[in-house]
K.L.:
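One structure coming up, written as structure tokens, with questions to follow.
Remember, predicted model here, so these are calculated numbers, not experimental data. Counting convention: from 1, in listed order, for ligands and their atoms alike.
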Amino acid sequence: MSKIGFYIANLVKRVQNYSRFKNVFLQRLPQRFHGAARLLFYHTFTADEKKLATEIESFRSRIPALTTDKEIYSYTSPHSNTFQTDEAGNALPGEYVGSAAEAHMKTGSSTFNGILLRRIVAGAGVKKILELGTNTGFSGSYFLSVPGTELVTIEGSDALCAIAKQNMDRFSDKHRIMNMLFDEAITQLLAEAETFDCVFIDGQHEQKATLHYTQRVLPMLKPGALIVHDDIYWSEDMHQGWQHMVQDPQFSETVDLFYKGICVVGNGSGTKAHYDIGEYLPRPEIFRKNW
Ligand SMILES: C[S@@+](CC[C@H](N)C(=O)[O-])C[C@H]1O[C@@H](n2cnc3c(N)ncnc32)[C@H](O)[C@@H]1O
């Protein structure tokens with residue numbers, strides 16, 4: 001479907017489902033996720049969010065001037081069924097590829113996705129966040145803009161870590177950037193007995209890698225903590241990974257918000273609820289077909 005076609009379908013569904021969204025979905029959905037769900041349904045920012053998004057976005061144009069390197073390297077998202085581990089059981093990352101600094105102005109969370117993340121953590125009262133995939137620090141800036149939050153964020157590319165630091169320093173110094181591969185950093189955090197209220201998994205978008213990192217971070221999370229997955233409609237394979245999470249008895253609640261999938265760590269009682277905004281809005285098409 002074309003972009004305009006999707007926009008029109010979305011508008012029609014929103015009008016048709018306006019009262020069902022308010023009177024059925026929001027009545028069922030736990031209050032802490034209402035802000036995020038409302039953003040998807042109404043597509044509107046508050047005046048403060050608009051101001052913040054403009055301030056965060058202003059960093060993009062500065063990125064090329066922050067490096068003298070001809071190219072900045074980052075780890076790409078691997079294709080489906082390419083997951084491999086080394087002898088120690090650590091996941092092998094995707095390809096490490098260089099591209100012009102200008103190309104990195106376009107990566108990282110958009111204003112919509114950033115505000116969505118912000119509403120998820122603010123709504124759930126999350127204080128300490130672990131992020132897999134720092135990139136240039138846009139999602140990190142949205143997290144740190146929520147008063148009282150602390151962030152540990154992992155990124156394999158040293159050049160991106162340096163840029164992200166400057167981006168996030170504008171909002172808070174309560175961040176720790178680990179310039180390592182995800183598995184190496186998780187091993188270190190486990191050895192330090194770190195715990196988190198929320199983990200945002202936003203790198204290596206492949207089903208087996210996603211399930212692998214989900215299992216690895218679980219020991220750092222107490223019941224009620226969140227795991228937020230990015231790009232659950234990235235590929236068929238990533239979407240299957242998300243469906244797996246929805247069925248996983250380790251999570252007491254799962255919320256499909258299209259651009260983010262939220263899992264709430266359960267307390268072992270086996271109770272399970274799933275909330276799906278796709279019952280009220282047209283579901284996005286899989287972004288990368290045959291990936
Ligand atoms: C999609 S970007 C993250 C975007 C960022 N969270 C945001 O929303 O602004 C994914 C990042 O993860 C990094 N990455 C991917 N796989 C990795 C791995 N196995 N270890 C460390 N970094 C990795 C990439 O270099 C890339 O910068």
K.L.:
Would you say Lys174 has more than 12 foreign heavy atoms packed within less than 6.0 Å of its NZ?
P.N.:
no

K.L.:
Mark up the atoms of ligand 1 that fall under 4.0 Å of a heavy atom belonging to Pro93, in ascending order.
P.N.:
19 (N)

K.L.:
Within 45° of the six-membered ring axis of Phe138 and under 6.0 Å from that ring's centre, is NZ or CZ of Arg60 located there?
P.N.:
yes

K.L.:
Heavy atoms only, cut-off 4.0 Å: how does Tyr213 contact ligand 1, side chain, backbone, both, or neither?
P.N.:
side chain

K.L.:
Quick one: nearest non-hydrogen protein atom to atom 4 (C) of ligand 1, plus distance?
P.N.:
Asp202 OD2, 3.2 Å

K.L.:
I'd like to check Leu11 versus Ile8 (side-chain heavy atoms, cut-off strictly below 4.5 Å). Are they in contact?
P.N.:
no

K.L.:
Within 45° of the six-membered ring axis of Phe45 and under 6.0 Å from that ring's centre, is NZ or CZ of Lys50 located there?
P.N.:
no

K.L.:
Please could you name the atoms of ligand 1 that Leu160 approaches to less than 4.0 Å, counting only its heavy atoms?
P.N.:
27 (O)

K.L.:
Set out, in order, the CA-CA distance, both residues' side-chain angles and the distance that settles side-chain contact (heavy atoms from CB on, under 4.5 Å) for Phe171 and Phe143, then state yes or no.
P.N.:
CA-CA 9 Å; Phe171 297 94; Phe143 287 137; over 6 Å; no

K.L.:
Which of the numbered atoms in ligand 1 are below 4.0 angstrom from a heavy atom of Gly133?
P.N.:
3 (C), 4 (C), 5 (C), 6 (N), 11 (C), 12 (O)

K.L.:
Within less than 4.0 angstrom of ligand 1, does Thr134 place any heavy atom?
P.N.:
yes

K.L.:
Could you tell me whether Glu102 and Lys106 have a side-chain N and a carboxylate O separated by less than 4.0 Å?
P.N.:
no

K.L.:
Any idea which protein heavy atom is nearest atom 14 (N) of ligand 1, and the distance to it?
P.N.:
Phe182 CZ, 3.6 Å

K.L.:
With respect to His239, which candidate in Trp234, Trp291, Tyr233 satisfies the ring pair (Phe, Tyr, Trp, His ring centres under 6.0 Å) definition?
P.N.:
Tyr233

K.L.:
Which part of Ser157 is near ligand 1, with near meaning a heavy atom under 4.0 Å away: side chain, backbone, both or neither?
P.N.:
neither

K.L.:
Using a strict cut-off of less than 4.0 Å between a Lys/Arg side-chain nitrogen and an Asp/Glu carboxylate oxygen, indicate whether Glu150 and Arg176 qualify as a salt bridge.
P.N.:
no

K.L.:
Provide the number and element of each atom of ligand 1 under 4.0 Å from a heavy atom of Ser74.
P.N.:
25 (O)

K.L.:
What residue and heavy atom of the protein are closest to atom 15 (C) of ligand 1, and at what distance?
P.N.:
Tyr75 CB, 3.5 Å

K.L.:
Identify, for atom 19 (N) of ligand 1, the protein heavy atom at the shortest distance, and state residue, atom and that distance.
P.N.:
Gln204 OE1, 2.9 Å

K.L.:
I'd like to check which ligand 1 atoms, numbered from 1 as shown, lie under 4.0 Å from a non-hydrogen atom of Met180.
P.N.:
21 (C)

K.L.:
Give me the nearest non-hydrogen protein atom to atom 27 (O) of ligand 1 as residue plus atom name, then the distance to 0.1 Å.
P.N.:
Glu155 OE1, 2.7 Å

K.L.:
Can any side-chain N or O of His229 pair as donor or acceptor with the backbone N or O of Asp202 at less than 3.5 Å?
P.N.:
no

K.L.:
What is the closest protein heavy atom to atom 9 (O) of ligand 1, and at what distance does it sit?
P.N.:
Ser109 N, 2.9 Å

K.L.:
Which of the atoms of ligand 1 are close to Gly156, meaning less than 4.0 Å from one of its heavy atoms?
P.N.:
21 (C), 22 (N)

K.L.:
Does only the side chain of Thr107 get under 4.0 Å from ligand 1, or the backbone, or both, or neither? Count heavy atoms.
P.N.:
neither

K.L.:
Does the side chain of Gln240 come under 3.5 Å of the side chain of Glu236 through a donor N or O and an acceptor N or O?
P.N.:
no

